Amino acid sequence: MTKITLGKAINAGLRAAMEKDPKVVVMGEDIGKLGGVFRVTEGLQKDFGEDRVIDTPLAESGIIGTAVGLALRGYRPVCEIQFDGFVFPAYDQIINQVAKMHYRSEGRIKMPVVIRIPYGGGIGAVEHHSESPETLFAHVPGLKVVSCGDPVDAYWMIQQAISSDDPVVFFEPKRRYHEKAELDESVPPVQPLHQAKVVREGTDATLFCYGPMVKTCLQAAEAAVEDGRNLEVVDLRTIAPLDLATIFASVKKTRRALVVHEAPLSLGTGSEIAARVTEECFYHLEAPVLRVTGYDTPYPPSRMEDDYLPDLDRVLDGVDRVMEY
């Protein structure tokens with residue numbers, strides 16, 4: 001049992017996957033000698049060599065295109081996109097090649113590509129460094145989209161993603177890279193990769209969240225105890241496909257739901273959850289499904305991001321609103 005940060009947990013997970021399978025290769029901008037901007041891949045090139053931990057040119061489309069070729073040859077490439085806003089030059093390759101190759105070949109070709117993307121705000125960064133583009137990928141059939149919310153999940157989920165024969169877009173909450181938790185590498189994961197988990201049991205309302213908002217929602221649930229409210233917190237873990245069974249079970253128990261994410265409000269993950277819950281759990285609901293999210297604007301300058309990001313007060317205000325019905 002060791003206490004480890006989320007960033008170090010991903011590093012350890014990558015290391016474990018590379019030790020287990022020599023076909024796993026890691027590639028991206030500055031990930032080798034530098035160890036990545038956030039030092040998530042630190043030490044891997046030293047231990048596995050430049051043939052398996054590859055410093056690429058600054059060309060995101062080229063990184064993903066190369067990964068497609070490697071996957072066709074039986075490798076399991078893990079690509080790092082340095083920042084969330086840098087992924088869009090590679091969007092064509094991801095949507096038209098990575099996502100469709102298996103379907104196009106009638107299942108004969110596998111595409112075991114993992115695309116790691118540090119995402120979200122809260123680090124005081126400049127433009128293009130604090131985006132939350134997860135729903136742009138979740139909308140695309142053929143892609144799995146996941147996001148870890150704590151170090152234990154980070155360690156196991158990256159290994160599960162790498163072992164998957166489906167392409168996985170792996171969103172890492174960059175402002176949580178330094179959050180710590182106890183990790184016992186000898187205890188196998190309880191949840192499969194695409195299963196949500198209840199991280200706090202409750203009875204009065206459910207907070208659905210993922211990635212950077214898991215900690216925020218847990219803090220809000222603890223604060224709500226002072227108001228006599230017992231909130232359930234569900235970490236979705238996977239945005240595509242959604243674990244609807246866990247979502248519906250929680251809503252049927254608490255009868256109220258609030259979805260929290262950093263991405264903008266319109267057409268976000270919260271919209272899909274609200275629609276699905278309304279369709280399947282209508283007669284169980286005591287209130288409409290509400291959302292606390294980022295705003296429908298471009299991400300603001302860093303000095304204004306505290307006003308943009310959902311925080312404890314905004315989540316508790318959402319709880320007040322959902323409890324008023």
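Treat the numbers as computed from the prediction; the structure is a model and nothing was measured. Position 1 is the first residue of the sequence; numbering continues from there.
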Expected output: side-chain Arg255 to main-chain His284 donor-acceptor under 3.5 Å: yes
In short, Cys217 meets Cys209 closest at the heavy-atom pair SG-CB, 3.7 Å
Path from Met101 to Val78 over hydrophobic side-chain contacts below 4.5 Å: yes
Looking at every non-hydrogen atom in both residues, tell me the closest pair between Ile81 and Phe86 and how far apart they are. CG2-C, 3.9 Å
Give a yes or no on whether Phe248 atom CZ has more than 12 heavy-atom contacts from other residues, nucleotides or ligands under 6.0 Å away. yes
Side chain to side chain contact (heavy atoms under 4.5 Å, CB included) between Ile162 and Phe170, intermediate numbers included: CA-CA 10 Å; Ile162 292 169; Phe170 195 94; over 6 Å; no
Is there a side-chain contact between Gln97 and Arg104, using heavy atoms and a 4.5 Å cut-off? yes
Following the transitive rule for hydrophobic clusters with a side-chain heavy-atom cut-off under 4.5 Å over Ile, Leu, Val, Met, Phe, Trp and Tyr, establish whether Leu265 and Leu236 coincide in one cluster. no
Determine, stepwise, if the pair Phe48 / Glu19 fulfils side chain to side chain contact (heavy atoms under 4.5 Å, CB included). CA-CA 9 Å; Phe48 294 98; Glu19 290 172 346; 3.7 Å; yes
Testing the basics here: between Arg314 and Val292, what is the closest heavy-atom pair and its distance to 0.1 Å? O-CG2, 3.8 Å
Establish whether Tyr325 and Val277 are linked, either directly or via other cluster members, by ILVMFWY side-chain heavy-atom contacts under 4.5 Å. no
Does Arg39 pair with Asp30 as a salt bridge, N-O distance under 4.0 Å? no
Answer yes or no: is there a side-chain heavy-atom contact under 4.5 Å between Leu34 and Asp55? no
Would you say the rings of Phe38 and Phe83 are close, in the sense that their centroids are separated by under 6.0 Å? yes
Hydrophobic clustering (ILVMFWY, side-chain heavy atoms < 4.5 Å, transitive) - are Phe208 and Val322 grouped together? no
Following the transitive rule for hydrophobic clusters with a side-chain heavy-atom cut-off under 4.5 Å over Ile, Leu, Val, Met, Phe, Trp and Tyr, establish whether Ile247 and Leu193 coincide in one cluster. yes
List, one per line, each side-chain donor-acceptor pair under 3.5 Å for residues 109-127, sequence neighbours excluded.
| residue | atom | partner | partner atom | Å |
| --- | --- | --- | --- | --- |
| Arg116 | NE | Glu172 | OE2 | 2.5 |
| Arg116 | NH1 | Glu80 | OE1 | 2.8 |
| Arg116 | NH2 | Glu80 | OE1 | 3.4 |
| Arg116 | NH2 | Glu172 | OE1 | 3.1 |
| Arg116 | NH2 | Glu172 | OE2 | 3.4 |
| Tyr119 | OH | Ser147 | OG | 2.7 |

Is it the case that atom CD in Glu182 sees more than 12 heavy atoms from other parts of the structure closer than 6.0 Å? yes
Using the side-chain hydrogen bond (donor to acceptor under 3.5 Å, both in side chains) criterion, which residues pair with Gln93? Sequence neighbours excluded. none
Only one of Thr206, Asn230, Asp235 passes side chain to side chain donor-acceptor pair (under 3.5 Å) with Arg200; say which it is. Asn230
Glu232 and Thr254: side chain donor to acceptor below 3.5 Å: no
Would you say Arg76's side chain and Lys23's backbone share a donor-acceptor pair under 3.5 angstrom? no
Backbone of Thr246 reached by a side-chain donor or acceptor of Ser250 within 3.5 Å: no
Flag the pair Arg276 and Glu280 as a salt bridge only when some basic side-chain nitrogen lies within less than 4.0 angstrom of an acidic carboxylate oxygen. no
Mind checking whether Val146 and His194 have side chains closer than 4.5 Å, heavy atoms only? yes
Report, as yes or no, whether the 6.0 Å neighbourhood of atom CG on Asp296 holds more than 12 heavy atoms from other residues, nucleotides or ligands. yes
Check whether any side-chain heavy atom of Leu218 sits under 4.5 Å from a side-chain heavy atom of Val199, and report yes or no. yes
So does Glu262 pair up with Arg175, basic N to acidic O under 4.0 Å? yes
Closest non-hydrogen contact found for Gln195 with Gln191 is NE2-CG, 3.7 Å
Does a sphere of radius 6.0 Å around CZ in Arg52 hold more than 12 heavy atoms from other residues, nucleotides or ligands, not counting ones at 6.0 Å or beyond? yes
Nearest atoms (heavy-atom pairs only) where Ala196 meets Val234: CB-CG1, 4.0 Å
Below 4.5 Å, heavy atoms only, C-beta onward: do Met213 and Pro310 meet side chain to side chain? yes
What I want to find out is whether Arg237 reaches Asp243 closely enough, with some N-O distance under 4.0 Å, to be called a salt bridge. no
Please list, one pair per line, the donor and acceptor atoms closer than 3.5 Å that link side chains of residues 5-17 to other protein atoms, with sequence neighbours excluded.
| residue | atom | partner | partner atom | Å |
| --- | --- | --- | --- | --- |
| Thr5 | OG1 | Lys8 | N | 3.1 |
| Lys8 | NZ | Glu42 | OE1 | 3.3 |
| Asn11 | ND2 | Val40 | O | 2.8 |
| Asn11 | ND2 | Glu42 | O | 2.9 |
| Arg15 | NH1 | Asp47 | OD2 | 2.7 |
| Arg15 | NH2 | Asp47 | OD2 | 3.1 |

For Phe88 and Leu136, run side chain to side chain contact (heavy atoms under 4.5 Å, CB included): C-alpha distance rounded to whole Å, both residues' side-chain angles, the deciding distance at 0.1 Å, then the answer. CA-CA 10 Å; Phe88 297 108; Leu136 298 180; 3.7 Å; yes
Within-4.5 Å side-chain heavy-atom neighbours: Met323 and Asp227: no
Taking the six-membered ring for Trp and the single ring otherwise, decide whether the centroids of Tyr299 and His128 are under 6.0 Å apart. no
Are there over 12 heavy-atom neighbours, none belonging to Lys253, within less than 6.0 Å of that residue's NZ? yes
Is the shortest heavy-atom distance from the side chain of Phe137 to the side chain of Val87 under 4.5 Å? yes
Test your reading of the model: is there a side-chain donor-acceptor pair from Glu60 to the backbone of Pro89, 3.5 Å cut-off? no
Report yes if the side chains of Lys180 and Thr2 come closer than 4.5 Å at any heavy-atom pair, otherwise no. no
Minimal non-hydrogen separation, Met18 against Leu44, with atom names: SD-CD1, 4.5 Å
Please determine if Glu50 and Lys33 form a salt bridge, counting it only when a charged side-chain N lies under 4.0 Å from a carboxylate O. yes
I'd like to know whether Cys79 forms a side chain to side chain contact (heavy atoms under 4.5 Å, CB included) with Ile64, so could you lay out the CA-CA distance, the side-chain angles of the two residues, the decisive distance to 0.1 Å, and finally the verdict. CA-CA 7 Å; Cys79 306; Ile64 304 302; 4.0 Å; yes
